Amino acid sequence: MTVFDEDTWFLLVQHRSKGKTDVESFSDYFAAARAYNEAEHRYKSQLSSTDADVDVLLVGAASLDLVKERYPSYFGEATSKADRVTGLLNTMQPVPAQ
């Protein structure tokens, strides 16, 4: 058993202007890597622009809930940058004063 066997792999394709993220899950790392490469190729023009509208990410985790906890900016409903930043800040825990 390898570290690749312990996680489910989640391919996230975030469409910023639509405020949504497509999620596809894989139990096989190599199938997930192929799907990631295909998504990178499919959205190449939208990924390389200065103000990219699409972001593609492949992550391994025990559950989709854990992915949502670790990558909250991919799952907000915000469509503007200001809305996304505000949403991200709202999910952060305050740091206690020392």
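No experiment lies behind these values; they were computed from the predicted model shown.
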How long is the gap from CG on Leu12 to OG on Ser25, to the nearest 0.5 Å? 10.5 Å
Taking all non-hydrogen atoms of both residues into account, name the closest pair between Ala39 and Leu11 and its distance. CB-CD2, 4.4 Å
Go through the steps for Asp22 and His15 under the test side chain to side chain donor-acceptor pair (under 3.5 Å), then give the verdict. CA-CA 8 Å; Asp22 298 328; His15 304 273; 2.9 Å; yes
Could you see if Val67 belongs to whatever hydrophobic cluster contains Leu57? Use Ile, Leu, Val, Met, Phe, Trp, Tyr and a side-chain cutoff under 4.5 Å. yes
Does Val13 reach the side chain of Val54, with side-chain heavy atoms less than 4.5 Å apart? yes
Would you say the ring centers of His41 and Tyr36 fall short of 6.0 Å from each other? no
Please examine the side chains of Phe26 and Thr8, heavy atoms only from C-beta on, and report whether any two atoms are closer than 4.5 Å. no
Straight-line distance of Leu58 CG to Trp9 CH2, nearest 0.5 Å: 6.0 Å
Could you report the tightest heavy-atom contact between Leu66 and Ala61, atom names first, then the distance? CD2-CB, 4.2 Å
Drop me the distance from Arg16's CZ to Ser73's OG, to the nearest 0.5 angstrom. 8.0 Å
Suppose we screen for side chain to side chain contact (heavy atoms under 4.5 Å, CB included). Which residues come up paired with Glu38, at least two apart in sequence or across chains? Arg42
Does any non-hydrogen side-chain atom of Phe75 lie less than 4.5 Å from one of Leu64? yes
Determine yes or no for a side-chain-to-main-chain donor-acceptor pair under 3.5 angstrom, with Asp55 supplying the side chain and Gln14 the backbone. no
